[in-house]
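Below: one structure, written as structure tokens.
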Amino acid sequence: MLKNWVISMAKEKDFPLIFDMSKEGRKGYQLPELDVPDVDLDADFEDEYIRKEAPELPEVSELQIVRHYTALSKRNHGIDSGFYPLGSCTMKYNPKVNEEIVRLPGFSFVHPYQAEETAQGAMELMYDLQTSLENITGMHQFTLQSAAGAQGEWAGLMMIRAYHESNGDTERTEVIVPDSAHGTNPASAAVAGFKAVTVKTNDRGLVDLDDLKRVVSEKTAALMLTNPNTLGLFEEEIIEMAEVVHGAGGRLYYDGANLNAIMGYARPGDMGFDVVHLNLHKTFTGPHGGGGPGSGPVGVTEEMAKFLPKPVLTKKDNQYTFDYNRPDSIGRIKPYYGNFGINVRAYTYIRSMGPDGLKQVSENAVLNANYMMRRLQDEFELPFDQHCKHEFVISGKKQKKLGVRTLDIAKRLLDFGFHPPTIYFPLNVEEAMMVEPTETESKETLDEFIDALISISNEAKEDPEIVQDAPHTTVVSRMDETLAARKPVLKYEKE
Amino acid sequence: MQHRYIPMTETDKKEMLDTVGVTSTDELFADIPEKVRFHGELNVKPAKDEHELTKELTQLAAKNVNTKSHVSFLGAGVYDHYMPSVVDHMISRSEFYTAYTPYQPEISQGELQAIFEFQTMICELTGMDVANSSMYDGGTALAEAVNLSAGQTKRSKVLVSKAIHPESMDVIKTYTAGPDVEVVEIDVKDGLTDLDHLKAELDDNTASVVVQYPNFYGQIEPLKEVQELVGEQKKTMTIVSSNPLALGYLTPPGEFGVDIVVGDTQVFGIPAQFGGPHCGYFATNKKLMRKVPGRLVGQTVDDDGRRGFVLTLQAREQHIRRDKATSNICSNQALNALATSVFLSVIGKRGIQEMATKNMKKARYAKKVLEDAGFEVLYSNRFFNEFVVKLDQDVNHVNNQLIDKGFIGGFDLGKVDGSLKNHMLIAVTEIRTKEEIDQFVKELGDIHG
């Protein structure tokens with residue numbers, strides 16, 4: 001009885017859905033009046049094409065909507081709410097001015113099919129952004145068409161495929177991916193029609209050059225590499241790796257997820273990469289938006305440029321135009337010209353920082369990461385004891401022996417007001433915690449986070465339950481993810 | 001020099017270098033081989049302060065004609081609709097827009113619930129069982145659907161109506177190159193997919209049939225007949241790309257028994273933004289639930305029995321399944337899905353019908369005024385808010401003159417179909433006034449001569 005009562009009390013705390021507030025006859029909209037003669041639409045359609053039942057959309061007032069979404073926003077943690085050291089995601093400050101610039105009517109309300117002469121400002125911005133990215137990465141030419149990193153990876157691999165095919169090289173069916181790579185790498189390889197082949201990481205956390213030599217062959221289309229890699233370590237043998245892959249006729253693909261570590265210090269183009277994608281929503285502050293939209297421009301060497309997706313933005317006599325006449329192009333990868341709104345933000349950011357600022361970004365991102373790593377190395381196991389770049393990986397192995405898993409530590413961090421690091425990734429480190437502070441965080445914030453992690457580790461020794469049962473202060477406690485997957489409820493059903 | 005986005009002071013730097021045990025940050029970059037070290041200055045423009053940069057970019061933006069400066073009759077996949085101001089206010093809550101993918105559900109219930117509501121609304125509109133948390137846009141959502149159908153049916157041919165958006169067709173062709181799926185284009189007759197041609201091509205190697213509803217010319221495809229045809233080939237799927245606003249009036253594709261419905265929710269409160277970001281949606285029947293690309297939010301309970309939401313069925317996704325994933329998609333268009341949810345909450349159950357029918361009525365008025373002025377309007381009256389009008393001269397030339405009169409003219413169909421040279425695709429939405437329509441037709445008539 002008591003248990004039932006407790007459950008029913010708890011149930012009362014269910015946060016309402018917008019559908020729960022709906023009441024017939026209420027409305028939150030006001031459309032322009034019909035100022036043209038009314039006509040009988042139904043007369044033109046067979047009955048079976050006319051919708052009979054209205055979609056069950058909520059009927060709510062404007063204030064109810066504002067209250068609902070404001071309340072939802074309070075149940076969400078963003079960078080503006082607090083520290084967000086999610087490794088490989090580069091959760092840096094998203095400047096407010098970017099949001100203002102993108103909302104200028106001349107950017108926000110431009111139609112992609114307007115005559116080019118009427119959109120020169122937008123095209124100039126895109127061209128200038130392309131040029132900036134070319135110079136930052138040392139690549140010959142960029143396209144802004146890809147919507148996100150994963151789409152950039154796939155488009156880049158399609159270009160590599162086209163490159164090999166243009167050489168009559170049709171037997172190159174494999175793409176080599178390190179075991180520490182992001183999941184999108186092998187997935188993109190598969191979608192582009194390749195087989196993903198794994199190359200191992202050595203005991204220093206770097207690609208094992210001998211293993212690379214072993215897996216590379218006349219079947220190799222490309223090696224996909226993140227540098228610095230997902231352990232936050234720079235692939236020191238990059239020149240040798242490039243020689244191995246190029247020597248076998250393969251191409252080198254750069255996953256730019258971790259570019260924040262090396263701006264102004266090194267450029268993928270100088271390392272031998274043939275194709276590069278960047279995540280403008282990471283290094284270049286396009287906000288992550290709760291999971292998107294992103295933008296994943298792709299840059300290539302001169303010999304690969306003819307395969308770029310079409311259209312290609314070109315400049316001639318100070319006029320910008322989209323070139324569709326690209327016979328070797330892999331084709332169109334997305335409607336229109338990419339996620340322009342994110343590109344505007346990235347451009348605003350680059351112009352706010354300038355060359356010195358961008359270099360300082362990487363310098364401080366790297367110093368912040370190294371500082372945190374060193375302050376944490378006594379309390380947590382550090383699998384690779386060397387200077388890191390913009391992020392580092394520690395292991396919760398010691399704490400696991402005490403019955404406290406990395407997942408528990410992550411959940412306990414929520415009680416301290418922090419978003420946890422990326423956990424259980426990369427896959428080649430047990431109980432991994434991947435920490436990326438970014439350059440926009442102050443030393444005070446880093447210290448608070450470090451202190452919290454150390455005190456959680458102490459709790460693991462003294463009072464493990466408090467960690468195992470965490471979080472204690474969030475609007476909901478731990479979720480039953482097994483139930484969610486076993487009995488999927490993916491939409492609201494009216495009772 | 002200190003930048004306002006970077007908080008590190010000289011004192012901080014010194015203390016941190018001491019902790020790390022190095023004397024300068026350069027030592028931290030010593031692992032980059034000298035041969036690939038970059039020693040120059042990055043060739044990007046020098047930094048500008050906020051005021052100067054805003055001034056410069058405001059001037060740059062002012063070079064672009066836009067739907068605030070001009071009255072637009074241009075659609076062709078991107079539309080000028082009612083934009084309730086609450087939408088932008090809600091998505092500007094920085095707890096939403098500065099968050100990452102909701103991997104930690106306890107501090108992401110806001111985003112997760114908003115997506116759950118989005119999935120529900122998409123299912124309601126399309127008549128489907130399952131909707132995901134969003135795709136990049138309608139075009140790539142359609143291409144992913146095509147690849148899904150090939151994988152699911154283990155067949156290698158798809159029949160795609162030429163009356164879909166031409167850029168969607170292009171994207172399908174690029175996407176199908178990877179898995180090596182053959183795309184057969186089905187002809188158009190009188191503005192509709194030629195069902196005889198479709199029937200002739202349909203065979204037991206057909207993975208799916210793809211149509212758009214309403215199609216690129218604004219015409220409503222006979223989905224019932226398409227579905228009946230497809231039904232003759234047991235495993236073949238029907239994939240429908242649909243402007244979701246039209247589903248406020250039209251019978252949702254789900255009711256005809258189709259397998260996948262995709263499209264773009266740009267029509268629901270998302271600005272044109274020179275083509276993106278918009279927001280793709282992806283809805284399927286229950287059978288395909290575990291094949292859906294991208295993220296899905298599911299309802300569950302927490303340890304205390306409270307309702308809550310999590311990312312679920314993740315065994316489909318790249319971060320778990322790597323090369324065996326159903327798609328490589330990772331980032332999606334979550335913030336625009338949120339905008340869609342807010343918009344659909346604003347417009348509601350009755351508003352969606354009112355908005356859809358107002359589009360149709362205003363478009364019919366525009367058609368009539370054009371016909372009265374002597375223009376030929378093609379195809380039947382079974383259209384949504386777009387139709388094709390024949391001009392006596394090059395559409396681009398006409399549009400250039402219209403700009404000077406304060407109008408953004410319609411889409412030049414000659415650019416995508418040689419047989420439709422001098423034909424303009426005109427979109428009329430609920431926010432066009434009678435006065436604007438009358439004036440537009442008058443200007444067109446004057447140019448027409």
Side-chain angles (χ1 to χ4, degrees), chain A residues 10 14 28-29 35-36 44 55 57 59 69 72-73 75-80 104-106 108-110 112 118 121 132 135 147-148 150 183 186-188 190 192-193 196 234 287-294 331-332 335-336 339-341 354-355 370-371 442-443 474 476-477 484 489 491-492, chain B residues 7 12 16 31 42-44 47 60-61 63-68 90 93-95 98-99 101 106-107 109-111 120 124 136 139 167 170 174 178 271 273-277 298-300 302-303 305 307-308 312 318-319 322-323 325 328 330-335 346 348-349 351 365 381 434:
Chain A
D14 279 357
Y29 71 96
D35 56 357
V36 299
D44 288 325
L57 299 175
E59 294 178 275
Y69 287 101
L72 283 184
S73 76
R75 295 163 72 83
N76 224 48
H77 181 96
I79 299 166
D80 287 5
L104 292 167
S108 203
F109 297 105
V110 182
T118 69
S132 301
N135 289 323
S188 299
F234 192 87
H288 283 77
R332 180 181 276 287
Y336 321 118
N339 280 343
F340 177 75
N370 276 282
Y371 172 73
S442 68
K443 180 170 176 293
T474 47
V476 288
S477 53
V489 179
K491 62 174 183 171
Y492 165 80
Chain B
D12 293 336
M16 291 164 83
D31 49 0
L42 288 175
N43 185 16
V44 297
L60 192 62
K63 287 188 186 177
N64 303 316
V65 164
N66 59 76
T67 50
K68 299 289 173 194
M90 292 301 100
R93 295 282 306 183
S94 73
E95 298 89 339
T98 72
T101 303
E106 298 86 350
I107 54 167
Q109 281 302 298
E111 176 70 32
T120 305
E124 282 296 327
Y136 304 138
E167 296 203 10
D170 292 345
T174 314
Q273 299 180 89
F274 205 38
Q299 180 180 309
T300 185
D302 73 357
D303 285 349
R307 177 173 66 193
T312 195
Q318 48 77 27
H319 63 284
R322 300 175 80 83
D323 54 329
N328 69 334
C330 179
S331 283
N332 53 25
Q333 308 284 117
L335 194 69
V346 167
K349 181 179 179 175
Y365 174 73
N381 262 336
K434 177 175 180 296

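Order of the sequence lines fixes the chain letters, A, B, ..., with proteins taken first and strands second; residue numbering starts at 1 for each chain. All values derive from a computational prediction rather than experimental measurement.
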Y492(A) OH to E124(B) CD distance, which is reported to the nearest 0.5 Å: 10.0 Å
Salt bridge (charged side-chain N to carboxylate O under 4.0 Å, His left out) against D80(A), all qualifying residues, sequence neighbours excluded: K96(A)
Out of A150(A), A196(A), G183(A), G28(A), which one racks up the most heavy-atom pairs below 4.5 Å with chain B? G183(A)
Which of D302(B), N381(B), L335(B) touches chain A most, by non-hydrogen pairs under 4.5 Å: D302(B)
Best-contacting candidate, P55(A), A148(A), A192(A), against chain B by heavy atom pairs under 4.5 angstrom: P55(A)
Option that, when pairs with chain A are counted at under 4.5 Å, heavy atom only, ranks first among F274(B), Y365(B), Y136(B): F274(B)
Assert top hit (heavy-atom pairs under 4.5 Å, partner chain B, pool P105(A), G354(A), G121(A), G193(A)) equals G121(A)
Of all heavy-atom pairs linking R322(B) and A187(A), the shortest is O-CB, 3.4 Å
Could you state the interatomic distance from CG (D35(A)) to NZ (K434(B)), rounded to the nearest 0.5 Å? 7.5 Å
Can you give me the closest heavy-atom contact between P335(A) and G139(B), atom names plus distance? CG-CA, 3.7 Å
Residue among A99(B), G275(B), G348(B), A334(B) with most heavy-atom pairs under 4.5 Å to chain A: A99(B)
For N76(A) against Q109(B), the heavy-atom pair lying closest together: OD1-N, 3.9 Å
Search all heavy atoms of N328(B) against all heavy atoms of S188(A) and return the closest pair with its distance. ND2-OG, 2.9 Å
Is the side chain of N64(B) donor-acceptor paired with the backbone N or O of G106(A) at a distance under 3.5 Å, no angle test? yes
Got a donor-acceptor contact below 3.5 angstrom from the N135(A) side chain to the V44(B) backbone? no
Less than 4.5 Å apart, any side-chain heavy atom of L72(A) and any of M90(B)? no
Chain A: which of T120(B), T101(B), D12(B) shares the most heavy-atom pairs with it under 4.5 Å? T120(B)
For the backbone of A190(A) and the side chain of D323(B), can you confirm whether one donor and one acceptor N or O come within less than 3.5 Å of each other? no
With side chains defined as the heavy atoms from C-beta onward, is the minimum distance between I107(B) and T474(A) less than 4.5 Å? yes
Please determine, among A147(A), P293(A), G78(A), the option with the most heavy-atom pairs under 4.5 Å with chain B. P293(A)
State, to 0.1 Å, how close S477(A) and D303(B) come at their nearest heavy-atom pair, and which atoms those are. OG-N, 3.3 Å
Against chain A, work out which of G298(B), G308(B), S331(B) has the most heavy-atom pairs shorter than 4.5 Å and name it. S331(B)
If you tally heavy-atom pairs under 4.5 Å between each of E95(B), R93(B), K68(B), K63(B) and chain A, the highest tally belongs to E95(B)
